[in-house]
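Bear in mind the structure is a predicted one, so any value in this text is a computation, not a measurement.
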Amino acid sequence: MLIDDLTAALPADRLVRDPDVARSFAHDEAEWAPYAQPAVVVRPHSAEEVQAVVRACVKNRAPLVTRGAGTGLSGGANAVDGCVVLVTDRLTAVKEINEPERYAVVEPGVVNDDLRAACAERGLWYPPDPASSPWSTIGGNVATNAGGVCCVKYGVTRDYVLGLQIVTGTGELARLGRRTAKGVAGYDLTGLLVGSEGTLGVVTEVTVRLRPARAAERTIAGYFDTTVAAGKAAAAVAARGVLPSALELVDRHCLAAVDEWKNMGLSADANVVLLARTDAPGALGEHEAAEILACFEQAGATWAARSTDQAEADALFAARRLAYPALERLGPLLTEDVCVPTQAVPEMLARIDAAARRHGVLIANVAHIGDGNLHPLLVTPAGDQEAKKNAQAAFEDIIAGALDLGGTVTGEHGVGLLKQPGLARELGPEVLELHRAVKRALDPHGILNPGKVFPS
């Protein structure tokens with residue numbers, strides 16, 4: 001009946017029923033998260049077609065999993081048994097870029113970098129820039145409340161989403177939010193939907209706030225012998241009151257993997273590299289660059305300098321973005337996404353190192369270290385079940401360490417499947433029940449991405 005209803009409601013080319021093709025849409029990039037074979041994949045071309053899909057799922061009580069580009073790292077877009085996977089890759093219109101009001105209206109399948117490029121042509125800027133920005137979509141970024149490199153200064157996706165059009169769990173097409181600079185009418189349902197990982201509604205349109213194009217950035221790099229020393233430098237930057245436009249950590253494992261893959265000519269005589277940028281104008285920018293450099297040197301950098309070679313600086317930041325796919329080539333990755341207070345970063349990095357030693361696991365480190373968002377990448381040889389068991393134990397130790405330091409289990413990747421046990425520990429039963437009450441209210445039939453974020 002489900003397939004019949006979808007076939008009746010949609011043009012034939014919207015449905016993907018070939019099992020081999022459908023399987024390619026069954027999971028995201030979280031290699032360790034379980035997934036199942038979807039009953040069918042649907043690629044709608046309009047909000048009304050999305051609505052027809054949701055209504056068919058409501059009628060047949062069929063699970064519905066919404067997927068963007070599949071770049072997620074927590075299993076949030078993974079198929080469940082008998083589900084419909086709704087792919088937004090045909091919803092790619094940039095409907096409006098309003099220059100005087102500084103907002104854009106886009107469909108969820110628009111790629112992050114494509115939106116940023118379209119805005120740049122008009123002297124505007126959309127700040128959220130996850131490492132996956134060349135491939136990830138705005139809808140996916142909304143689903144996980146994605147962050148990125150410049151979010152240490154400019155905030156995350158939720159800070160830029162003004163409004164949404166969604167299809168509700170009962171199949172209604174609804175608009176949330178506003179296009180005005182201010183507005184407090186009713187509950188902040190827009191903010192609630194951002195980061196809900198497809199469990200509360202299906203996003204069909206996003207209105208995002210834009211900023212004026214920013215000044216050119218100054219880049220400062222520092223080499224350190226240990227992640228802990230680099231963490232102390234980052235904590236010192238925060239304590240000094242400097243707000244960089246980027247402050248990133250990349251270790252030698254990541255740089256070597258990227259260089260081997262892309263032959264970028266990267267070389268650093270260091271175990272850990274810190275990359276900082278400031279986009280403050282004029283004398284303030286010069287002051288911030290000097291302050292960051294001083295923090296690096298005082299924390300024990302073996303070398304630190306302000307970059308005078310823009311191409312070299314850009315290559316190092318590009319290597320930061322390519323770290324995950326480069327390390328994937330070495331074996332299955334288990335990816336962490338903990339976030340701790342900035343002054344706890346050195347201790348958290350020490351705990352990550354200790355977990356690696358304790359369990360005999362290779363852990364490569366990248367981080368949005370300026371806001372305490374750390375991404376240790378646990379690398380295991382393919383097919384080595386003992387190594388996988390050890391990596392899982394290290395993964396749990398890292399989560400426990402972050403919570404112990406007043407942190408959170410996920411800074412930007414979302415809970416999905418991989419972080420559910422940690423979420424339960426972080427929130428506690430009373431707050432989890434509040435989440436479940438919201439879920440029941442907005443998805444009364446329990447069809448929207450069931451089993452994700454927290455067990456139903």
Side-chain angles (χ1 to χ4, degrees), residues 29-33 71-74 130-132 147-149 221-231 233-234 247-264 266-275 315-340 345-346 348-370 372-382 384 387-399 401-402 410-413 418-419:
E29 291 293 321
E31 294 183 70
W32 292 34
T71 60
L73 294 169
S74 65
S132 59
V149 171
Y223 296 171
F224 297 85
D225 284 334
T226 68
T227 57
V228 173
L247 183 51
E248 299 288 303
L249 177 149
V250 190
D251 77 1
R252 61 185 175 85
H253 299 298
C254 298
L255 288 175
V258 171
D259 203 34
E260 182 180 340
W261 179 30
K262 294 294 186 179
N263 194 28
M264 296 172 69
L266 299 170
S267 62
D269 187 21
N271 287 324
V272 184
V273 178
L274 280 189
L275 300 169
L316 286 168
F317 272 90
R320 162 64 184 90
R321 292 186 179 276
L322 291 170
Y324 184 88
L327 285 163
E328 268 189 317
R329 299 170 71 248
L330 305 182
L333 292 183
L334 184 57
T335 307
E336 280 281 11
D337 176 41
V338 295
C339 190
V340 298
V345 164
M348 188 65 234
L349 288 167
R351 294 188 184 199
I352 292 169
D353 289 345
R357 292 191 301 270
R358 184 162 52 250
H359 298 288
V361 177
L362 172 60
I363 299 182
N365 284 283
V366 293
H368 306 305
I369 198 168
N373 191 188
L374 312 180
H375 296 314
L377 305 170
L378 292 77
V379 186
T380 60
D384 189 332
K388 187 173 181 179
K389 179 181 176 182
N390 292 340
Q392 186 64 51
F395 181 89
E396 296 299 331
D397 284 358
I398 292 169
I399 288 176
T410 176
E412 60 184 6
H413 292 169
L418 295 181
K419 296 298 182 73

**Student:** Run the side-chain hydrogen bond (donor to acceptor under 3.5 Å, both in side chains) test against Glu336 and tell me which residues pass, sequence neighbours left out.
**Tutor:**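 Partners of Glu336 under the side-chain hydrogen bond (donor to acceptor under 3.5 Å, both in side chains) test: none.
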
**Student:** How many angstroms lie between CZ in Arg252 and OH in Tyr223, if you round to the nearest 0.5 Å?
**Tutor:**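 Atom-to-atom, Arg252:CZ and Tyr223:OH are 15.0 Å apart.
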
**Student:** Hey, could you give me the CD1/NE2 distance between Ile352 and His375, rounded to the nearest 0.5 Å?
**Tutor:** 11.0 Å

**Student:** Grab the two heavy atoms, one from Leu255 and one from Val273, that are nearest each other, plus how far apart they are.
**Tutor:** CD1-CG2, 3.8 Å

**Student:** Might you confirm whether atom CD of Glu396 has over 12 heavy atoms from other residues, nucleotides or ligands at distances under 6.0 Å?
**Tutor:** yes

**Student:** Determine whether Leu333 and Leu73 make a side-chain contact, defined as any pair of heavy atoms from C-beta on separated by less than 4.5 Å.
**Tutor:** no

**Student:** Is there a donor-acceptor pair closer than 3.5 Å between any side-chain N or O of Asp337 and the backbone N or O of Leu374?
**Tutor:**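 A pair under 3.5 Å: no.
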
**Student:** Hey, are the side chains of Ile399 and Lys419 touching, using non-hydrogen atoms and a 4.5 Å cut-off?
**Tutor:**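 Yes, side chains in contact.
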
**Student:** Search all heavy atoms of Leu330 against all heavy atoms of Ala257 and return the closest pair with its distance.
**Tutor:** CD1-CB, 4.4 Å

**Student:** Mind checking the CE-SG spacing from Met348 to Cys339? Nearest 0.5 Å is all I need.
**Tutor:** 11.0 Å

**Student:** To the nearest 0.5 Å, tell me how far Trp261 CH2 sits from Leu322 CG.
**Tutor:**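 Rounded to the nearest 0.5 Å, the CH2-CG separation comes to 5.5 Å.
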
**Student:** Thr380 and Trp32: which non-hydrogen atoms are nearest, and at how many Å?
**Tutor:** OG1-CZ2, 3.6 Å

**Student:** Is any side-chain heavy atom of Arg351 closer than 4.5 Å to a side-chain heavy atom of Ile398?
**Tutor:** no

**Student:** Indicate yes or no: at least one non-hydrogen side-chain atom of Val250 is less than 4.5 angstrom from one of Leu316.
**Tutor:** no

**Student:** Do side-chain atoms of Asp251 reach the backbone of Asn271 as a donor and acceptor pair under 3.5 angstrom?
**Tutor:**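 No, Asp251 side chain to Asn271 backbone: no donor-acceptor pair under 3.5 Å.
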
**Student:** For residues 354-365, which side-chain donor-acceptor pairs fall under 3.5 Å, sequence neighbours excluded?
**Tutor:**
from   : atom 1 : to     : atom 2 : distance (Å)
Arg358 : NE     : Asp397 : OD2    : 3.3
Arg358 : NH2    : Asp397 : OD2    : 3.1
His359 : NE2    : Asp397 : OD2    : 2.7

**Student:** Contact between Thr226 and Val272 at the side-chain level, heavy atoms closer than 4.5 Å - yes or no?
**Tutor:**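 Heavy-atom side-chain distance check fails, nothing below 4.5 Å.
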
**Student:** With rounding to the nearest 0.5 Å, note down the distance linking CD in Glu29 to CD in Glu328.
**Tutor:**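 So the gap between those two atoms works out to 5.0 Å.
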
**Student:** Distance-only, no hydrogens or angles: does the Glu248 side chain make a donor-acceptor pair with backbone N or O of Leu275 under 3.5 Å?
**Tutor:**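 Side chain of Glu248 to backbone of Leu275: no pair is present.
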
**Student:** Can you tell if the side chain of Thr410 reaches within under 4.5 Å of the side chain of Ser74, non-hydrogen atoms only?
**Tutor:** no

**Student:** What are the two closest heavy atoms between Ala230 and Leu249, and how far apart are they?
**Tutor:**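 So the minimum-distance heavy-atom pair works out to CB-CD1, 3.9 Å.
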
**Student:** Looking at every heavy atom in both Gly231 and Ile369, which two are closest together, and how far apart are they?
**Tutor:** CA-CD1, 3.9 Å

**Student:** Between Val258 and Ala319, which heavy-atom pair has the shortest distance, and what is it?
**Tutor:**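 Closest approach of Val258 to Ala319: CG2-O, 3.6 Å.
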
**Student:** Return the NE2 to CD distance between His368 and Glu412, rounded to the nearest 0.5 Å.
**Tutor:** 3.5 Å

